[in-house]
Amino acid sequence: MSTDVDRPGSYDGRGRQARTRLARAAVIEAARTLFLERGYAATTIETISDLSDVPPATVYRLFSSKLGILKELFNVSIAGDDEAVPLADRPHVQVLISDPDPRKQLSGFVGISRGIMSSTEPVYRILVSAAGSDPGAAALLAEQTRHRQQGQGQIAHLLARTGALRPKLRERDAADIIHVLMSPEVYRLLVHDRGWDPERYERWLKEILIDQLLPPPS
């Protein structure tokens with residue numbers, strides 16, 4: 001029986017894929033370092049190429065532009081990897097969606113959000129700063145905000161669909177509350193400006209969302 005291992009070139013194909021992933025990872029990490037040290041505007045493809053030891057032509061082939069690198073850096077920071085699987089489709093999120101206890105659902109989503117905020121906060125600062133002078137970065141920031149709003153709206157929809165929201169609270173108002181409280185700006189204000197540790201932020205966010213969205217325990 002013939003398998004991929006038996007076919008000529010199968011090793012070469014997998015080797016190319018592995019080398020491409022290593023090159024992408026090296027470029028992303030080099031860009032993270034340089035964006036934080038020098039800022040987005042002062043970082044060039046050439047300096048990213050030098051630090052990552054990936055030729056400029058390969059960097060352009062993999063990402064097209066510096067903005068493409070920033071976008072991928074943000075996506076990897078959110079997901080924790082470069083797998084092409086949306087966050088909503090990942091197993092740990094699907095487990096929460098199917099949980100019948102709305103308090104456990106909110107607690108789980110807050111935990112996921114805290115992890116994302118911790119990993120993306122430096123990159124989010126880069127993006128916000130770049131958006132002030134770069135139209136492409138401004139468009140990327142708007143796109144990321146829309147994606148976040150859509151994801152958080154799905155939490156509100158899930159709670160509304162199962163009848164878990166407190167009486168007279170509309171789904172849209174619940175989505176607004178989640179969007180504001182579960183925002184990078186609130187995370188930065190409390191954790192970076194006010195010195196809260198991330199665990200305290202997570203406890204606070206869990207308690208306030210449960211208080212604001214769910215009916216009080218009977």
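The distance from the OG1 atom of T20 to the CZ atom of R16 is 8.5 Å, given to the nearest 0.5 Å. From Q212, atom CD reaches atom CG of L106 across 11.5 Å, with rounding to the nearest 0.5 Å. From N75, atom CG reaches atom NZ of K71 across 6.5 Å, with rounding to the nearest 0.5 Å. In this structure, CH2 on W196 lies 12.5 Å from CD on E202, to the nearest 0.5 angstrom. For the atom pair CD1 (I69) and CZ (R24), the distance works out to 9.5 Å, reported to the nearest 0.5 Å. For the atom pair CG (L159) and CG (L165), the distance works out to 5.5 Å, reported to the nearest 0.5 Å.
Residues V54 and A26 come closest through the heavy atom pair CG2-CB, 4.3 Å. Minimum heavy-atom separation, L70 to I126: CD1-CG2, 4.1 Å. Of all heavy-atom pairs spanning S118 and P122, the tightest one is O-CD, 4.0 Å. Residue A131 comes nearest to L141 through the heavy atom pair CB-CD2, 3.8 Å, listed as atom of the first residue, atom of the second, then distance. Nearest heavy-atom pair, S98 versus V95, reported as atom, atom and distance to 0.1 Å: OG-O, 3.0 Å. V27 and F63 get closest at one heavy-atom pair: CG1-CE1, 3.5 Å.
When atom types are taken as modelled, the side chain of R166 and the backbone of P216 share no donor-acceptor pair closer than 3.5 angstrom. Formation of a donor-acceptor pair under 3.5 Å by the S113 side chain with backbone atoms of V110 is not found in this model. Here the side chain of S49 pairs no donor or acceptor atom with the backbone of I45 at under 3.5 angstrom. At distances below 3.5 Å, not a single donor-acceptor pair connects side-chain atoms of T120 with backbone N or O atoms of V123. Under the 3.5 Å distance criterion, the side-chain polar atoms of Q152 are matched with a main-chain donor or acceptor of M182. For S77 (side chain) and L73 (main-chain N/O), a donor-acceptor pair under 3.5 Å exists by modelled atom type. With hydrogens and angles disregarded, a donor-acceptor distance shorter than 3.5 Å links the side chain of K66 to the backbone of T43.
Hydrophobic clustering (side-chain heavy atoms under 4.5 Å, transitive across Ile, Leu, Val, Met, Phe, Trp, Tyr) keeps L189 apart from L209. Hydrophobic clustering (side-chain heavy atoms under 4.5 Å, transitive across Ile, Leu, Val, Met, Phe, Trp, Tyr) groups L36 together with L140. One hydrophobic cluster, built from ILVMFWY side chains closer than 4.5 Å, cannot hold both V180 and I112; they sit in different ones. Both Y60 and I48 belong to a common hydrophobic cluster when Ile, Leu, Val, Met, Phe, Trp and Tyr are linked at side-chain heavy-atom distances under 4.5 angstrom. A single hydrophobic cluster is seen to contain both V191 and I208, as judged by linkage of ILVMFWY side chains at heavy-atom distances under 4.5 Å, directly or through other members.
Taking the side chain to side chain contact (heavy atoms under 4.5 Å, CB included) definition, one finds that L51 meets it with A30, T33, L34, sequence neighbours left out. Residues meeting the side chain to side chain contact (heavy atoms under 4.5 Å, CB included) test with R188, sequence neighbours left out: E121, R125, H192, D193. For R203, the side chain to side chain contact (heavy atoms under 4.5 Å, CB included) partners are E199, R200, not counting sequence neighbours.
Note: F74 and Y124 have tilted aromatic rings, judged against thresholds of 30 and 60 degrees for the angle between ring planes. Aromatic ring orientation, Y187 versus Y201: perpendicular (interplanar angle above 60°, classes split at 30° and 60°).
With salt bridges taken as basic N to acidic carboxylate O contacts below 4.0 Å, one links R32 and E29.
Residues T44 and T47 are in side-chain contact: their nearest non-hydrogen atoms beyond the backbone lie under 4.5 Å apart. Between V128 and P184, the closest side-chain pair of non-hydrogen atoms is not below 4.5 Å. Between R103 and P217, the closest side-chain pair of non-hydrogen atoms falls below 4.5 Å.
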Could you walk me through whether R161 and E171 pass the salt bridge (Lys or Arg N to Asp or Glu O under 4.0 Å) test, one step at a time?
CA-CA 9 Å; R161 187 185 67 194; E171 179 182 329; over 6 Å; no
Given Q105 and D101, is the side chain to side chain contact (heavy atoms under 4.5 Å, CB included) satisfied, shown in steps?
CA-CA 6 Å; Q105 286 178 325; D101 186 336; over 6 Å; no
side-chain hydrogen bond (donor to acceptor under 3.5 Å, both in side chains) assessment of Q149 paired with H179:
CA-CA 6 Å; Q149 191 169 21; H179 185 64; 4.5 Å; no
Test log, rule side chain to side chain contact (heavy atoms under 4.5 Å, CB included), inputs M117 and R114:
CA-CA 5 Å; M117 295 297 177; R114 193 263 278 191; 5.7 Å; no
With side chain to side chain contact (heavy atoms under 4.5 Å, CB included) as the criterion, how do L181 and W204 come out once you've worked through the C-alpha distance, each side chain's angles and the decisive distance to 0.1 Å?
CA-CA 10 Å; L181 294 177; W204 169 83; 4.1 Å; yes
Evaluate side chain to side chain contact (heavy atoms under 4.5 Å, CB included) for D176 paired with R172, printing each intermediate quantity in order.
CA-CA 6 Å; D176 289 344; R172 178 170 180 174; 4.3 Å; yes
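A 6.0 Å sphere centred on CG of D53 holds no more than 12 heavy atoms belonging to other residues, nucleotides or ligands.
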